[in-house]
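Report on the structure given below.
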Amino acid sequence: MPLALLALAVGAFGIGTTEFVMMGLLPDVATDLHVSIPTAGHLVSAYALGVVIGAPLLAALTARMSRRTVLIGLMALFVAGNALSAFAPGYDSLLAARFLSGLPHGAFFGVGAVVATNMVAPERKARSVSLMFLGLTVANIAGVPVATLMGQHLGWRATFLGVSAIGLAAIAALALLIPHDHTQAPAAGLRRELTALKSLPVWLALGTTVAGFGALFSAYSYITPMLTDAAGYADTSVTLLLALFGVGATIGNLLGGRLADHSLRGTLFGGLVSLAAVLALFPLLMSAQWSAAIAVTLLGAAAFVTGSPLQLMVMEKASAAPSLASSANQAAFNLANAGGAWIGGVALAAGFGVTSPAPAGAMLAVLGLGVAAVAYAVDRRRTVPTSARERVVASHVPERSSSPSGV
């Protein structure tokens with residue numbers, strides 16, 4: 001695998017850290033800025049909104065630029081957003097800075113996935129995407145816990161300065177390691193880029209992402225009360241258990257990338273089935289501390305097995321605009337985050353119990369499996385008739401005589 005993938009992983013590590021660290025810093029930020037915890041929670045939503053808006057918009061606007069230049073520019077915007085977060089004088093300015101920080105998120109992963117797949121042989125494409133995502137999963141193991149501890153001991157502003165430093169390191173790595181001869185995007189107008197997203201298979205792939213990762217976030221958004229109220233863990237143990245989720249996500253990500261290079265759809269179907277099974281068993285597994293730890297690890301593994309296959313499938317279905325489609329898939333991930341958390345909250349509000357978001361997530365995983373099955377059926381319907389027509393035409397082509405006179 002090219003060393004340039006390391007530069008993409010460093011950028012992904014910084015992005016993953018700043019995305020998830022806010023959850024652990026909410027009490028400190030709320031106290032310092034004199035706002036309530038629910039109000040501070042809007043800082044998480046502002047970042048997600050930035051991802052959803054910025055992913056397709058920035059990918060479309062930079063479609064004709066060198067991808068190397070685009071990646072460096074996106075990371076510079078990321079550094080600026082986090083630096084402004086560190087020096088935000090009040091809540092409103094911090095809200096705007098978090099929105100700005102989220103803008104380059106989806107486009108970075110979208111363009112980065114195209115660069116990663118262009119640098120390897122066709123049979124290693126999914127693996128190259130998984131190595132880029134490795135930075136995101138490792139952020140859950142090391143980046144988020146360390147950044148949270150930094151915020152608790154040095155102040156939450158120090159955390160965003162630290163993330164800005166990671167972004168600067170990523171810019172240096174991108175400039176040094178991403179080769180020029182793999183970054184020039186084909187000249188395609190904005191209209192053509194947007195037209196490529198009108199395809200039904202593209203929307204089915206995006207729908208699979210929303211449902212599949214919505215299943216994850218339905219449970220993961222409420223994992224802390226499950227671990228404390230159902231499994232009986234102390235609050236101080238939750239950080240370590242969330243690191244186990246990161247370990248599982250890292251294993252699932254690497255495994256999914258390797259398997260998807262052999263069977264993309266088989267890996268996707270298998271991952272969604274595994275995710276549905278783990279979530280369905282969550283209430284039982286949360287009845288004891290040892291099984292709860294296993295459940296958290298399995299949740300990360302089952303969910304992230306599908307990450308690389310989903311990213312690659314969207315890119316293949318929109319081959320005329322892979323950067324835009326890949327970035328749109330990142331927007332779909334964040335829609336899944338918001339939608340899954342809402343559905344899990346509905347289950348809790350209905351009084352079904354503290355572990356009820358997990359079975360609700362299992363139903364979402366089954367829905368994702370159904371959407372993926374429809375996408376498979378649509379692909380077969382589009383390809384089989386073409387093959388059949390080719391056979392019919394071939395069978396009616398008259399054979400040429402071997403004699404010079406044609407007799």
Side-chain angles (χ1 to χ4, degrees), residues 10-59 61-62 70-112 135-136 139-140 143-172 174 221 327 330-331 333-335 337-338 341:
V10 173
F13 178 82
I15 290 174
T17 300
T18 201
E19 179 182 17
F20 293 107
V21 74
M22 181 55 76
M23 286 78 159
L25 297 178
L26 282 182
D28 302 279
V29 173
T31 301
D32 187 48
L33 298 182
H34 308 291
V35 297
S36 66
I37 293 290
T39 300
H42 294 160
L43 297 168
V44 178
S45 302
Y47 184 92
L49 182 63
V51 178
V52 172
I53 293 175
L57 179 63
L58 293 179
L61 293 178
T62 59
V70 171
L71 288 171
I72 293 174
L74 290 171
M75 193 49 59
L77 182 59
F78 169 83
V79 171
N82 281 279
L84 289 173
S85 297
F87 294 105
Y91 172 77
D92 291 336
S93 56
L94 180 57
L95 195 69
R98 286 294 291 170
F99 175 80
L100 181 64
S101 300
L103 285 176
H105 176 131
F108 181 88
F109 280 108
V111 176
L136 182 64
N140 284 283
V144 174
V146 170
T148 302
L149 288 174
M150 181 186 296
Q152 291 171 348
H153 290 85
L154 301 177
W156 61 269
R157 297 179 187 274
T159 295
F160 290 112
L161 286 177
V163 172
S164 298
I166 297 173
L168 291 174
I171 290 175
L174 291 167
S221 301
S327 300
Q330 293 302 312
F333 278 120
N334 279 268
L335 288 175
N337 189 339

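Index from 1, following the sequence. Computed from heavy atoms alone, side chains included, the values below leave out hydrogens, waters and symmetry copies.
The shortest distance between side-chain heavy atoms of L100 and L103 falls below 4.5 Å. Two residues are said to be in side-chain contact when any heavy atoms from C-beta on lie closer than 4.5 Å; F78 and V163 meet this criterion. You'll find the side chain of R98 reaches within 4.5 Å of the side chain of S85, heavy atoms only. The shortest distance between side-chain heavy atoms of F99 and L95 does not fall below 4.5 Å.
Atom CD1 of residue I72 and atom CZ of residue F108 lie 10.0 Å apart, to the nearest 0.5 angstrom. Between the CD1 atom of I15 and the CG atom of L136 there is a distance of 8.5 Å, given to the nearest 0.5 Å. If you take OG1 on T17 and CD1 on I166, they are separated by 5.0 Å, rounding to the nearest 0.5 Å. Y47 contributes atom OH, which lies 5.5 Å from atom OG1 of T18 (distance to the nearest 0.5 angstrom). Note: S101 OG to M22 CE = 8.5 Å, rounded to the nearest 0.5 Å. Taken from CG in L71 to CG in L174, the straight-line distance is 6.0 Å, to the nearest 0.5 Å.
By the 30° and 60° cut-offs, the orientation of the rings of F109 relative to H105 is tilted.
For the pair T31 (side chain) and D28 (backbone), a donor-acceptor distance under 3.5 Å is absent. Put simply, the side chain of N334 gets close to the backbone of Q330: a donor and an acceptor are under 3.5 Å apart. In terms of modelled atom types and a separation under 3.5 Å, the side chain of S93 and the main chain of A88 share no donor-acceptor contact.
Pairing each heavy atom of A169 with each of V10, the nearest pair is C-CG1, 4.4 Å. Across A59 and S327, no two heavy atoms sit closer than the pair CB-OG, 3.3 Å. A pairwise comparison of heavy atoms in A139 and P145 identifies O-CD, 4.1 Å as the closest pair. Y91 and L33 make their closest contact through CA-CD1, 3.9 Å (heavy atoms, listed as atom of the first residue, atom of the second, distance). Here the closest heavy-atom approach between residue V79 and residue S164 is recorded as O-OG, 3.6 Å. Annotation for R157 and F87: closest pair NH1-C, 3.7 Å, computed over non-hydrogen atoms.
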Quick one: do L74 and T62 satisfy side-chain contact (heavy atoms from CB on, under 4.5 Å)? Show the steps, please. CA-CA 10 Å; L74 290 171; T62 59; 6.0 Å; no
Can E19 and V51 be said to form a side-chain contact (heavy atoms from CB on, under 4.5 Å), step by step? CA-CA 10 Å; E19 179 182 17; V51 178; 5.7 Å; no
